Every structure is written in C-alpha cells, then in structure tokens.
Amino acid sequence: MENRNAIFSFDTRPSDSPYVDAIWQTQSDAGGEFMSIAETNWGMVITKQAGKISMTIRGAETQASPAPIPPNADFIGIVFKLGTLMPHLPPLQLVDNGINLPEANSNSFWFNGSAWQFPNYDNVDVFVNRLVREGILAYEPIVQTALHGHKKDISLRSVQRRFLRATGITHGTVYQIKRAHQALSLLENGASILDTVERLGYADQPHLTRSLKRFMGQTPAQILRVATSSK
C-alpha cells in the first residue's frame, strides 16, 4: 500500500475563507485500498459515485491506517485550518473517525437541522461562508498563538486545554505529525535517512523509523525505495 498522494492526482486551490487551509478535488478509477496517512487538520469530503453524492466529516488522524478506495468516484475536499471547529461537534469525537451526513435528496444533505446543497469545487467558499453566518463554524485563536510560540496572559494549562478542545489533539501530537510529514517530503526528494534524522531533530534512526511507521505507514527505507523506483 502507498500513501494517498502516490495514488491520487490532486487539484488543489487556496480559499478566500480565513477558516480554510485548502480545497482539493480528485478522482478514482479502480477500487482497492490505500494508506491514509496521519493529518492534523479536520475536513469535509464530498463523494460522487454511481450518480449518488454523500458528505463526510472527518477529524484529525493520529496514525496511518488502510482505507478503501471507492471505484470510479469523484471527490471534493475542504481542509479547515487548525483552530477552526464546529462547536456542536466536539473535535475529540471526530479524531480518527468520520461522520456520514444523511441525504436529504439527490442534491442536498441534512446538517444541523437544515437541508444543505452539496457544494462544487468552485463554490466551496460560498458554502463555508454560510456555515460561518449560521454559527456552525467558529475559530479558537489560541491555537495559532500556541503553534507560533506566542505567550499570552493565561496559564500553560489553560492553553493546552483550549488547544485540545479546539483541535481534538494535543500540541505535541500536532508537532509530531507535522514533523513526520516533513520527513516524508525530505526522503521523497532524495535526502538520506541520517540527514533527515539530523535536520528534523529526531533522536536517532530508530526514532525516525517509529515515527514514520506510525504516522505515514511506511519505514524510511520503504519511502526511499518507492522514491527511487519512481524516478
């Protein structure tokens, strides 16, 4: 199994919304299975397959895990910024989990007591703006404050509690996952294992191996082998 980027070809664009990191779309051909890698950000995914459309809310993923690939499907994804949350859906409930929202009709789904039309790749920002207007999306500024190391006049324990409540994961977990993503990128671009260890501050090679196996689903040697064979 490979990571998702090795299987899917993504079109990605920025968003006008301050609540969104990115918007993406992709397609699948044959079905099968791929390795879903760890991600710090939660999101929403629209899947269109065999004439049916569905909406899924997925939380942060704290470890790599195999996931099915629906055959002949189109996908649109919204990646929300760390700190963006839905107060009526606590992030802790979404970690390593997904919620499929019920269908209202062929073009809409039920969410928070109302029918919502499925957005397309071009009008996702309109959809997100409506979520904000109706109070379904909120933002916890302490998250970015903590990520950038800025101090506020509140205790560390309060920062940690608010960070966890807003993201569903700890600041330490965010750091570990982001560092594993950096390690994956370095290795895929030709860096050696020892250079990756040194550049990203891993204690030693076994530490890097454990991290990548947990978060990316592959060892450094496996990543290098795939990267070499694809050149």
Side-chain angles (χ1 to χ4, degrees), residues 4-5 7-28 36-49 51-61 67 69-70 72-95 97-148 162-163 165-169 174 177-178 181 185:
R4 71 187 79 196
N5 293 320
I7 292 179
F8 299 108
S9 178
F10 288 88
D11 291 323
T12 305
R13 69 172 179 85
S15 170
D16 293 331
S17 171
Y19 295 82
V20 175
D21 250 353
I23 300 162
W24 56 263
Q25 64 177 355
T26 191
Q27 298 175 317
S28 68
S36 180
I37 60 179
E39 298 286 357
T40 59
N41 300 50
W42 69 282
M44 303 178 80
V45 179
I46 302 103
T47 303
K48 185 175 183 180
Q49 183 189 33
K52 288 195 170 185
I53 310 178
S54 61
M55 172 69 83
T56 304
I57 301 176
R58 291 210 60 87
E61 296 179 62
I69 303 173
N72 303 310
D74 297 303
F75 307 92
I76 298 170
I78 310 168
V79 182
F80 291 98
K81 287 185 177 178
L82 276 173
T84 299
L85 70 152
M86 294 182 174
H88 73 288
L89 274 179
L92 278 168
Q93 294 181 12
L94 297 173
V95 173
N97 191 21
I99 297 175
N100 293 315
L101 300 179
E103 178 184 354
N105 58 46
S106 60
N107 294 310
S108 62
F109 59 97
W110 290 109
F111 186 45
N112 201 38
S114 300
W116 293 71
Q117 187 171 358
F118 288 102
N120 58 45
Y121 187 63
D122 296 319
N123 70 8
V124 166
D125 289 320
V126 175
F127 170 74
V128 171
N129 288 340
R130 183 185 167 195
L131 290 175
V132 175
R133 284 198 313 271
E134 299 201 12
I136 294 173
L137 276 184
Y139 186 74
E140 169 56 87
I142 200 69
V143 171
Q144 290 301 317
T145 297
L147 290 173
H148 289 92
R162 287 172 59 179
F163 191 102
R165 188 167 60 236
T167 66
I169 53 181
V174 169
I177 293 174
K178 286 185 176 294
H181 275 272
S185 179

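Since the model is a prediction, treat every value here as computed from it, not as a measurement.
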Compile the donor-acceptor pairs under 3.5 Å between side chains in residues 83-94 and protein atoms, sequence neighbours left out, one pair per line.
residue, atom, partner, partner atom, Å
T84, OG1, Y19, O, 3.1
T84, OG1, K81, O, 3.3

If you look only at distance, which donor and acceptor atoms sit under 3.5 Å apart when one is on a side chain in residues 131-138 and the other is two or more places apart or in another chain?
residue, atom, partner, partner atom, Å
E134, OE2, R130, NE, 3.0

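Contact of the E140 side chain with the F163 side chain is not registered, since no non-hydrogen atoms from C-beta on lie closer than 4.5 Å. Within the 4.5 Å cutoff, the side chain of F75 has heavy atoms near those of the T47 side chain. For the pair R13/V124, a side-chain contact is recorded, criterion being any heavy-atom separation below 4.5 Å from C-beta on.
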Given side chain to side chain contact (heavy atoms under 4.5 Å, CB included), test Q117 with F127 step by step and report yes or no. CA-CA 8 Å; Q117 187 171 358; F127 170 74; over 6 Å; no
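Scanning both residues, T40 and I169, for their nearest heavy atoms gives O-CD1, 3.9 Å. Counting all heavy atoms, side chain and backbone alike, I46 lies closest to P119 at CD1-CG, 3.9 Å. In this structure, V20 and I23 approach most closely via the heavy-atom pair CG1-CG1, 4.1 Å. Between S9 and T26, the shortest heavy-atom distance links the atoms O-OG1, 2.9 Å.
Other residues, nucleotides and ligands contribute more than 12 heavy atoms inside 6.0 Å of the CD atom of Q49.
Panel note: side chain Q144, backbone L82; a donor-acceptor pair is recorded below 3.5 Å. Of the possible polar contacts, one joining the S28 side chain to the P70 backbone as a donor-acceptor pair under 3.5 Å is found. A donor-acceptor pair under 3.5 Å is formed between the side chain of H181 and the backbone N or O of A38. Using modelled atom types, no side-chain atom of N100 and backbone atom of T56 make a donor-acceptor pair closer than 3.5 Å.
In this view, R165 satisfies the salt bridge (Lys or Arg N to Asp or Glu O under 4.0 Å) rule with no residue, not counting sequence neighbours. A search for side chain to side chain donor-acceptor pair (under 3.5 Å) contacts involving S114 returns nothing, not counting sequence neighbours. Residues satisfying the side chain to side chain donor-acceptor pair (under 3.5 Å) test with S54, not counting sequence neighbours, are none. With sequence neighbours excluded, no residue forms a salt bridge (Lys or Arg N to Asp or Glu O under 4.0 Å) with E103.
Separating the OG1 atom in T167 from the CD1 atom in I142 is a distance of 12.0 Å, to the nearest 0.5 Å. Taking CE of M55 as the start and CD1 of I99 as the end, the distance is 12.5 Å to the nearest 0.5 Å. The CG atom of D21 lies 12.0 Å from the CH2 atom of W42; values are rounded to the nearest 0.5 Å. Remark: N72 CG to Q27 CD distance equals 9.5 Å, nearest 0.5 Å. The structure places CH2 of W116 at 12.5 Å from CH2 of W110, a figure rounded to the nearest 0.5 Å.
Relative ring orientation between F109 and F118 is described as tilted, the plane-to-plane angle lying within the 30° to 60° band.
Side chains of S17 and D125: no donor on one and acceptor on the other come within 3.5 Å.
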